[in-house]
Amino acid sequence: MLSQTRPIIAEVYQDIRIPACRSDIGRQLLLEVYGGWYLDVDIKCEGPLVNFSLDRPIAVFRDDRFQLAKQSRLTNSLLFIPKGHPLPSLILDKVEHHIANRKYLFDTLSFAGPKLLSSIALKQPEGSIDRLKATEWLNAEGTFFQELSSNTSFSWRIQQPFGILPVDEPNWSNFPKKLRWNHAHSLREYLVSHDLSHLVMKIAEARPDYMENRIFVKMMDEFRSTGKLGSGLFEVQSQ
């Protein structure tokens, strides 16, 4: 389906090295073709979705976080698109532009994620998108949608400095300043799966504070002793 409808994206889709980015693109492709609801697997509903008015797109406005509210940010973890509505096509057009111009290769949110959704939505006529307030609809006590916690959430933060598509050099300044213990596991898995173990030393140079993370220290020791990060069992408990 992707090769037929979006050949520019299809050509590079398997080269996209961040699973969250592939998911961002995949959901928009499905919504472009079929319309309907998209909900992340960690979102549950407290009632039937059929009770919503479905004459226009529905998205959640993150008014529950000051910085996101300031940016008029919508989340793409929860969307409804009427079949045939142009919004997903506008988003995918922009993704194709980013691919062609190698733009936002170190910014998952802007390449195909919620920042892109928000920028496109802001250009639509007022009232053409039903913007549900997060404070009324998501996560607060008694709200209709609940976002379940996940230890693997936001692993793209530690992955995106390596480039959404293959790049000559990681963006060293884009690595998070602190390394969470669960993100350290994601980092190790990413380095192994993409044959980038040798970069662990440069990451340590770029972010010396990572040495405060026991998992990262173990990764360094493993690399020093073997010259690589193995694919076997790696046991370090949370900090």
Side-chain angles (χ1 to χ4, degrees), residues 2 9-10 12-29 38-43 75-77 95 98-99 102 104-116 147-239:
L2 184 57
I9 297 175
V12 302
Y13 188 79
Q14 295 303 323
D15 295 328
I16 293 174
R17 303 194 292 188
I18 300 176
C21 188
R22 288 200 298 269
S23 173
D24 288 338
I25 294 171
R27 78 191 65 175
Q28 297 302 334
L29 173 69
Y38 170 85
L39 283 79
D40 272 358
V41 70
D42 60 353
I43 291 180
T75 177
N76 67 351
S77 62
V95 172
H98 296 163
I99 291 169
R102 294 187 67 79
Y104 296 123
L105 292 189
F106 303 102
D107 186 346
T108 303
L109 299 179
S110 296
F111 187 86
K115 276 188 179 179
L116 177 58
E147 199 170 24
L148 306 177
S149 60
S150 170
N151 286 335
T152 59
S153 294
F154 307 116
S155 58
W156 54 265
R157 293 188 191 278
I158 196 65
Q159 296 168 349
Q160 68 179 5
F162 297 100
I164 292 170
L165 293 170
V167 295
D168 294 333
E169 186 81 3
N171 184 337
W172 302 110
S173 64
N174 206 30
F175 282 91
K177 292 184 179 179
K178 296 292 183 181
L179 185 64
R180 299 180 185 177
W181 74 268
N182 55 316
H183 289 176
H185 279 290
S186 297
L187 173 61
R188 183 181 187 278
E189 182 180 330
Y190 185 91
L191 293 174
V192 171
S193 63
H194 294 284
D195 197 24
L196 296 172
S197 297
H198 61 284
L199 293 180
V200 70
M201 305 299 289
K202 287 190 175 181
I203 295 171
E205 292 175 13
R207 288 287 183 261
D209 285 350
Y210 284 14
M211 297 302 290
E212 297 175 7
N213 185 297
R214 290 188 295 122
I215 301 172
F216 189 79
V217 171
K218 188 172 176 66
M219 288 167 56
M220 292 285 293
D221 292 341
E222 183 183 5
F223 184 82
R224 288 192 185 104
S225 62
T226 67
K228 63 179 182 178
L229 301 178
S231 57
L233 186 64
F234 184 76
E235 294 183 351
V236 177
Q237 297 301 315
S238 62
Q239 301 180 95

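Note that this is a predicted model, so its numbers are computed, not measured.
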> When you measure from the side chain of D40 to the backbone N and O of D42, does any donor-acceptor pair fall under 3.5 Å?
Replying inline: no
>> Strictly distance-based, threshold 3.5 Å: is any side-chain N or O of N171 a donor or acceptor partner for the main-chain N or O of F106?
In response: no
How far does [atom1] of [X] sit from [atom2] of [Y], to the nearest 0.5 angstrom?
{"X": "E147", "Y": "L39", "atom1": "CD", "atom2": "CG", "result": "10.5 Å"}
{"X": "L191", "Y": "M219", "atom1": "CG", "atom2": "CE", "result": "5.0 Å"}
{"X": "H185", "Y": "F216", "atom1": "NE2", "atom2": "CZ", "result": "13.5 Å"}
{"X": "S110", "Y": "I164", "atom1": "OG", "atom2": "CD1", "result": "8.5 Å"}
{"X": "I215", "Y": "R180", "atom1": "CD1", "atom2": "CZ", "result": "13.0 Å"}
{"X": "Y210", "Y": "K178", "atom1": "OH", "atom2": "NZ", "result": "10.0 Å"}

Search all heavy atoms of [X] against all heavy atoms of [Y] and return the closest pair with its distance.
{"X": "S23", "Y": "Y38", "value": "OG-OH, 4.0 Å"}
{"X": "A184", "Y": "N213", "value": "CB-OD1, 3.7 Å"}
{"X": "Q159", "Y": "P19", "value": "OE1-CD, 3.6 Å"}
{"X": "S173", "Y": "R207", "value": "O-NH2, 3.2 Å"}

> Between H98 and L116, is any pair of side-chain heavy atoms under 4.5 Å apart?
Replying inline: yes
> Is there a side-chain contact between I16 and L165, using heavy atoms and a 4.5 Å cut-off?
Replying inline: yes
> Taking only residues two or more places apart in sequence or in another chain, which ones pass salt bridge (Lys or Arg N to Asp or Glu O under 4.0 Å) with K228?
Replying inline: none
> Got a sec, which residues hit salt bridge (Lys or Arg N to Asp or Glu O under 4.0 Å) with D221, two or more places apart in sequence or on another chain?
Replying inline: R224
>> Run L187 and I203 through side-chain contact (heavy atoms from CB on, under 4.5 Å) and show every step you take.
In response: CA-CA 10 Å; L187 173 61; I203 295 171; 4.1 Å; yes
Considering residues at least two apart in sequence or located in another chain, which fulfil the side-chain hydrogen bond (donor to acceptor under 3.5 Å, both in side chains) criterion with [X]?
{"X": "Q160", "value": "T108"}
{"X": "E169", "value": "W172"}
{"X": "S225", "value": "none"}
{"X": "N174", "value": "none"}

>> Quick check on side chain to side chain contact (heavy atoms under 4.5 Å, CB included): which of V200, I158, L229 does R188 satisfy it with?
In response: L229
Of all residues at least two apart in sequence or in a different chain, which pass the ring-ring contact (aromatic ring centres under 6.0 Å, His included) check with [X]?
{"X": "Y190", "result": "F162, H194"}
{"X": "H198", "result": "none"}
{"X": "Y13", "result": "none"}

> Tell me the salt bridge (charged side-chain N to carboxylate O under 4.0 Å, His left out) pairs involving residues 14-26, sequence neighbours left out?
Replying inline: D24-R27
